[in-house]
Amino acid sequence: DFNGAQAWTGVTTGFIEGGIIKEEWTQVRIPLSAFPFEERDVDLSIIKQLIVQFESSGKVWIDDIQIIPYTAKGRQSFDVAPVDAIMIDGAFQPNEWPQSSFQLPLANVKLTWNDEFLFLAAEVEDATPLINTRTGKDIWNGDALEIAFSSISGTLAQRKIFYPTDFHLGISMKPYGKVYDWSKDREVSGSIVRVQYAGKGYSAEVAIPWKSLGISAFEPGKTYDCEIAVDIADAASVRTLQSRWNSADKEGFNFDPSRWGSINYRVQQKD
């Protein structure tokens, strides 16, 4: 802007029609919401310059540049209620779980907890289900379930980096799969993972001890940042797709918490 402030964003494959620029005309659509204007104190009423920087060799022809209105979908949020206990056997029973769901392309994921465990359940469409030959930090490159969340309420939703109180967990979707904490670079001991083939894919149930994470359960009436993703792999245990909840059209939630949604601890009313 005319005050010298500036904001920038990278052009990812999600902004490019078909995911790649070819020899034909290709539309590139960059949402204005991708720019961190507020964080950089940019005054949108006095913008003076747009810079497009290329970091490769070759020639690019540009035509038909337009600035068009853009409406972001907003940050998704839903209420979650805790439970007393859940039977972790991999056989997803809807009556055991809260009504609210993370609706993802190809997956339905549920989340709840009690004072001892964080619980996750998933129903996933997958042509080659329950294949994950990876271990440790590499379990993302196979069938897996991921959850990222803030362990304290009130963190800055627009933050671009992980705080020490943020977690990113991965669960390998195979019989007796393991839970890995990428944010702390460790395996989460005491976790229970059970999976079953179901229909055109699989179902899974997971219990993760709060104690193994070194934190307490979510507190009543508070809101926490959260993102859910499902990794879908082929028969060779190579991830071919990641299905995400809040950041469905934008990769990178694993390093950028501003792409997470939020969950609200719903306090049940007594009659």
Legend entry - Common cluster, W182/V179, ILVMFWY with side-chain heavy-atom separation under 4.5 Å: no

Inset, instruction - Would you check if F35 and Q6 make a side-chain contact, meaning some heavy-atom pair closer than 4.5 Å? - result: no

Legend entry - same_hphob_cluster(L118, Y180) at 4.5 Å side-chain heavy-atom cutoff: no

Legend entry - Spacing of CD belonging to E125 relative to CG belonging to N108, to within rounding of 0.5 Å: 10.5 Å

Inset, instruction - Please lay out, stage by stage, how Y224 and Y265 fare under the test ring-ring contact (aromatic ring centres under 6.0 Å, His included). - result: CA-CA 8 Å; Y224 298 84; Y265 187 140; 7.9 Å; no

Legend entry - Close aromatic pair by centroid cut-off 6.0 Å: F102 and W245: yes

Which donor-acceptor pairs under 3.5 Å do side chains of residues 46-60 form with protein atoms, sequence neighbours excluded?
from	atom 1	to	atom 2	distance (Å)
Q53	NE2	E55	OE2	3.0

Inset, instruction - May I ask you to test the I171-K178 pair for a side-chain heavy-atom distance under 4.5 Å? - result: no

Legend entry - Basic-acidic side-chain contact under 4.0 Å: R159, D166: yes

Legend entry - D234/R239 salt bridge by N-O under 4.0 Å criterion: no

Legend entry - Whether T128 side chain and D126 backbone form a donor-acceptor pair below 3.5 Å: no

Legend entry - Donor-acceptor contact present, side-chain S262 to main-chain T223, <3.5 Å: no

Legend entry - Pair Q196, R194: side-chain N/O donor-acceptor within cut-off below 3.5 Å: no

Legend entry - Partner residues of F149 under the ring-ring contact (aromatic ring centres under 6.0 Å, His included) criterion, sequence neighbours left out: F167, F218

Inset, instruction - Establish, from distance only, whether the side-chain atoms of T155 and D225 form a donor-acceptor pair under 3.5 Å. - result: yes

Legend entry - Stepwise ring-ring contact (aromatic ring centres under 6.0 Å, His included) test for F162 and W260: CA-CA 12 Å; F162 269 62; W260 303 355; 5.5 Å; yes

Inset, instruction - Report the C-alpha separation of S172 and D143 in whole Å, then their side-chain angles, then the decisive distance to 0.1 Å, and conclude whether the side chain to side chain donor-acceptor pair (under 3.5 Å) test is met. - result: CA-CA 6 Å; S172 59; D143 288 333; over 6 Å; no

Legend entry - Close aromatic pair by centroid cut-off 6.0 Å: F253 and H168: yes

Inset, instruction - Verify the neighbour count for atom NZ of K160: are there more than 12 heavy atoms of other residues, nucleotides or ligands below 6.0 Å? - result: yes

Legend entry - Interatomic distance, I88 atom CD1 to S191 atom OG [nearest 0.5 angstrom]: 10.5 Å

Inset, instruction - Check the surroundings of atom CH2 in W8: do more than 12 heavy atoms from other residues, nucleotides or ligands lie under 6.0 Å from it? - result: no

Legend entry - Backbone of I147 reached by a side-chain donor or acceptor of E227 within 3.5 Å: no

Legend entry - Whether R134 side chain and D138 backbone form a donor-acceptor pair below 3.5 Å: no

Legend entry - Min side-chain heavy-atom separation V83-F119 under 4.5 Å: yes

Inset, instruction - Go through N264 and S77 one step at a time and tell me if the side chain to side chain donor-acceptor pair (under 3.5 Å) criterion holds. - result: CA-CA 7 Å; N264 311 306; S77 177; 3.0 Å; yes

Report all side-chain donor-acceptor pairs from residues 198-217 shorter than 3.5 Å, counting only partners two or more places apart or in another chain.
from	atom 1	to	atom 2	distance (Å)
S203	OG	G90	O	2.6
E205	OE1	D89	N	3.0
E205	OE1	G90	N	3.0
E205	OE2	W97	NE1	3.1
W210	NE1	N114	O	3.0
W210	NE1	F117	O	3.2
S212	OG	S189	O	2.5

Legend entry - Close side-chain approach of V195 and K174, heavy atoms under 4.5 Å: no

Legend entry - V230 with I139, same ILVMFWY side-chain cluster at under 4.5 Å: no

Inset, instruction - For the pair R75 (side chain) and G261 (backbone), establish whether a donor and an acceptor sit closer than 3.5 Å, ignoring hydrogens and angles. - result: yes

